[in-house]
Structure formats: C-alpha cells, structure tokens
Amino acid sequence: MEWVIRSPFLTIDAPKPNLVDLPINDIIIAELRKSPEQILPLLEAMKRVNLGGYFETLVYFWLQKIPEVDLIEHNLQIWEGKRTVGELDLLFQYQGVVFHWELSIKLYANLGDPLKEANWIGPMKKDTLARKFARLFDHQLQLPNSAAGSQALSKLGINTDTTHSYPFVKGCLFHENEVQLKHPSLPKTINPDCLQQTWYDLNNLQLPHGTTHLRPLKKLHWMGKVHPAEWEETSSDFIGPRLESIVTKNDRPILVAFGELDRQNKIIRELARNFIMPEHWRYDPVQV
C-alpha cells in the first residue's frame, strides 16, 4: 500500500485529484501495517489473482479509507449492444467532482532507442509501452465520451461532460546498462522521476556494489518491501549459480532484490531491484 501511494507515477502527467499527498495517507498506512487483516475481504474477492488485479484492489481499498472520496463504481463494463467494448476501472466523486481513473502497474525493459515507446518491452514480451499507452489514451480514457460510455454513465446519474478521466499508472523502467541508468533517456510521455533500474542477462550480470543478500521476488511481491526474514545471505561465488538455477529452471525473467547488511544497525538495506533475463530473451520476438 505504501508503494501504491508513494511511488512516483510512470506517466509524465499525474492524475487529478492529487490524493497521494493527503495527510490521511500516513494514518491509512499505519493502520494497515497494524491490522493488515482488514484488507483480506477485498483480496479474497479478487476475480483476477495477478499483479494488476492486486494493484487495483489496493487502490480501491485506499480510496475507501479517504472520507472525502465517494466511490461510485469500479470495473464498470461498457456494453454496445450485446458485446462489451471495455470497462471503467474506477469512478469516484471528490469535492463534488466526478473522476474516472484507469489503473495500471507496468514494468518494461529497454531494447533499442530508449526515446521510442515501442522499445520498452514487458518481461514476458507480450506487451510494449507503445501498445499500452495507445490503448490507455486512445481507448480506455475515451470510453466515457463514447455513445456507449455516455449511456452507461447516465444510468448512474453522471454527466459525461463533467467527468474527468486520468491514468493512474505506476511501475518501473529497466535500462540495458548502468550508463543508461545514470544518464537516462526516456520517451516524452514518461515521468523523468519514475522508478528506474537495470536489467541483465546471465552473461553480463553485475551485482550492486556491497551486495551481501538477495531475494528473488514472486510477482505479487514486486511492489512490497522485502521482509527481513526473506533475505538470502550470499557471496560473489554463490550468487551466479543461484540465479542461473532459478532463471534456467523457469526459463523466464525474474525480478531480484539485492541488499547490503548494515552491520551497525543490524538491518539489510535494499540496494536495487533488477530483472535477470534468460540468455535468449534479447533475441526472442515480441509477442504483441
């Protein structure tokens, strides 16, 4: 939840209204940390147990906790005759104004000219930044203005002309090497302050300086912090074979957190999160 609220947006324009800076967010996070079971009913009701569904559920729970927010509908299907043409992720009212948010979490690795959206590829190569943004801005955010969308909103007593649509997109971009990470070039649609890391394949793996621990992350843990008990102590001799066994066994990219032991404070400080790709990943065709 802390990541959902406080991590930077992926898009250059932040959504309105600005709810991420509300003082109540500190209270919401503290209460959830104290009693995490309060979110279980929403998690158990998830139709899609995947990263995107988890992200949407966290956003929905968060907005429920803001007194000034009046949630109207989520995952509202838009019908055109007997077929659906899309759905609206989130409709809510804030200070008398109706807002429509499209929610998404995306991670892309760069292959080629970083200024071009098409060269940012999803880890499973089933998506690109160009494809995602085209659908997001040209279709999903335009649905309220379509005839079918206007009709669906009118049934809820909402006037399309006074409904404001925005993307609520968070995630991380992974550069090809440390040089590009230190001097990043990004598409003009991307927030220059978005989360950025590096991806490697097994042949050119570079450990962050000072690495003493690692943690391969399951997909639903990509947003959260690594629990202290989950860190694996490692060494330069061990880490290569450990990662190679995981990547080779699954034959798919893995996101790995690298940490350094702070001996004075007796904590492990996360240094970086990097995608480790199978050796053939660079050359596999993009499946879009």
Side-chain angles (χ1 to χ4, degrees), residues 1-8 29 32-34 36-37 39-40 43 49-55 57-58 105-110 121-125 170-182 194-282 284:
M1 180 64 72
E2 188 171 6
W3 188 95
V4 166
I5 297 173
R6 292 177 174 163
S7 66
I29 292 171
L32 188 57
R33 185 176 288 116
K34 182 179 180 180
E37 68 278 359
I39 199 174
L40 286 180
L43 295 178
V49 186
N50 57 23
L51 184 64
Y54 183 33
F55 177 76
T57 300
L58 290 172
I105 174 173
K106 286 295 178 180
L107 292 83
Y108 293 106
N110 176 245
I121 316 295
M124 298 307 296
K125 290 206 166 179
K170 300 208 170 186
C172 185
L173 299 184
F174 294 80
H175 295 273
E176 285 196 78
N177 52 60
E178 290 292 330
V179 174
Q180 290 188 7
L181 177 62
K182 292 179 180 178
C194 72
L195 295 178
Q196 299 173 62
Q197 295 283 357
T198 310
W199 71 268
Y200 301 101
D201 58 34
L202 292 172
N203 290 327
N204 69 345
L205 178 62
Q206 298 180 31
L207 301 182
H209 178 71
T211 296
T212 59
H213 291 71
L214 64 80
R215 178 62 181 178
L217 300 169
K218 294 182 179 180
K219 202 166 186 179
L220 292 185
H221 294 170
W222 284 2
M223 291 183 285
K225 296 179 180 178
V226 178
H227 189 276
E230 294 178 329
W231 286 107
E232 302 176 17
E233 189 171 1
T234 189
S235 66
S236 57
D237 294 334
F238 173 77
I239 195 168
R242 169 75 172 115
L243 294 177
E244 184 175 6
S245 67
I246 298 172
V247 175
T248 303
K249 177 181 178 181
N250 296 285
D251 194 34
R252 64 192 302 170
I254 59 170
L255 187 62
V256 180
F258 296 95
E260 178 183 26
L261 176 62
D262 182 339
R263 300 184 184 279
Q264 181 176 354
N265 296 308
K266 297 181 180 180
I267 60 172
I268 299 169
R269 179 171 57 90
E270 184 169 320
L271 298 172
R273 289 190 182 197
N274 302 124
F275 263 117
I276 314 299
M277 311 298 195
E279 293 181 11
H280 55 78
W281 185 86
R282 180 185 292 273
D284 286 344

Side chains of residues 216-230: which donor-acceptor partners sit under 3.5 Å, not counting sequence neighbours?
| unit_1 | atom_1 | unit_2 | atom_2 | d |
| --- | --- | --- | --- | --- |
| Trp222 | NE1 | Leu217 | O | 3.4 |
| His227 | ND1 | Ala229 | N | 3.1 |
| Glu230 | OE1 | His227 | N | 3.1 |

Query - All side-chain contact (heavy atoms from CB on, under 4.5 Å) counterparts of Thr198, not counting sequence neighbours - result: Glu178, Leu181, Tyr200, Asn274
Report task. Please identify each residue that fulfils ring pair (Phe, Tyr, Trp, His ring centres under 6.0 Å) with Trp231, with sequence neighbours left out. Result -> none
**Report entry** Residues forming a side-chain hydrogen bond (donor to acceptor under 3.5 Å, both in side chains) with His175, sequence neighbours excluded
**Finding:** Gln196
Query raised in the report: Of all residues at least two apart in sequence or in a different chain, which pass the side-chain hydrogen bond (donor to acceptor under 3.5 Å, both in side chains) check with Asn265?
Result: Asp262
Query raised in the report: Is the backbone N or O of Gly122 less than 3.5 Å from a side-chain atom of Lys106, with the two atoms forming a donor-acceptor pair by type?
Result: no
Query raised in the report: If you measure from CG on Leu173 to CG on Asn110, what distance do you get to the nearest 0.5 Å?
Result: 9.0 Å
Query raised in the report: Which atoms form the tightest heavy-atom contact between Glu2 and Ile29, and what is the distance?
Result: CA-CD1, 3.9 Å
Query - Arg263: partners by side-chain contact (heavy atoms from CB on, under 4.5 Å), with sequence neighbours left out - result: Leu261
Report summary line: side-chain hydrogen bond (donor to acceptor under 3.5 Å, both in side chains) filter on Arg273, not counting sequence neighbours, yields Glu270
Requested in this report: Under the side-chain hydrogen bond (donor to acceptor under 3.5 Å, both in side chains) rule, collect the residues that match up with Glu232, sequence neighbours excluded.
Outcome: Arg242
Donor-acceptor pairs under 3.5 angstrom involving side-chain atoms of residues 246-257: please list them, not counting sequence neighbours.
| unit_1 | atom_1 | unit_2 | atom_2 | d |
| --- | --- | --- | --- | --- |
| Thr248 | OG1 | Glu244 | O | 2.7 |
| Asn250 | ND2 | Ile246 | O | 2.8 |
| Asp251 | OD1 | His280 | NE2 | 2.7 |

Report summary line: One should read off an interatomic distance between Leu271 CG and Thr211 OG1, to the nearest 0.5 angstrom, of 5.0 Å
Query raised in the report: Is there side-chain contact between Leu58 and Ile5, with heavy atoms separated by less than 4.5 Å?
Result: no
Requested in this report: Decide yes or no for Trp3 and Leu195: does some side-chain heavy atom of the first lie under 4.5 Å from some side-chain heavy atom of the second?
Outcome: yes
Report summary line: CZ (Arg269) and OG1 (Thr212) are apart, to the nearest 0.5 Å, by 9.5 Å
Query - Listed partners of Phe55 passing ring pair (Phe, Tyr, Trp, His ring centres under 6.0 Å), at least two apart - result: none
Report summary line: Rounded to the nearest 0.5 angstrom, the CG-CZ distance for Leu207 and Phe258 is 6.0 Å
Query raised in the report: Taking atom CE of Met277 and atom CG of Asn203, what is their separation to the nearest 0.5 Å?
Result: 14.0 Å
Query raised in the report: Could you state the interatomic distance from CD (Gln197) to CZ (Phe275), rounded to the nearest 0.5 Å?
Result: 11.0 Å
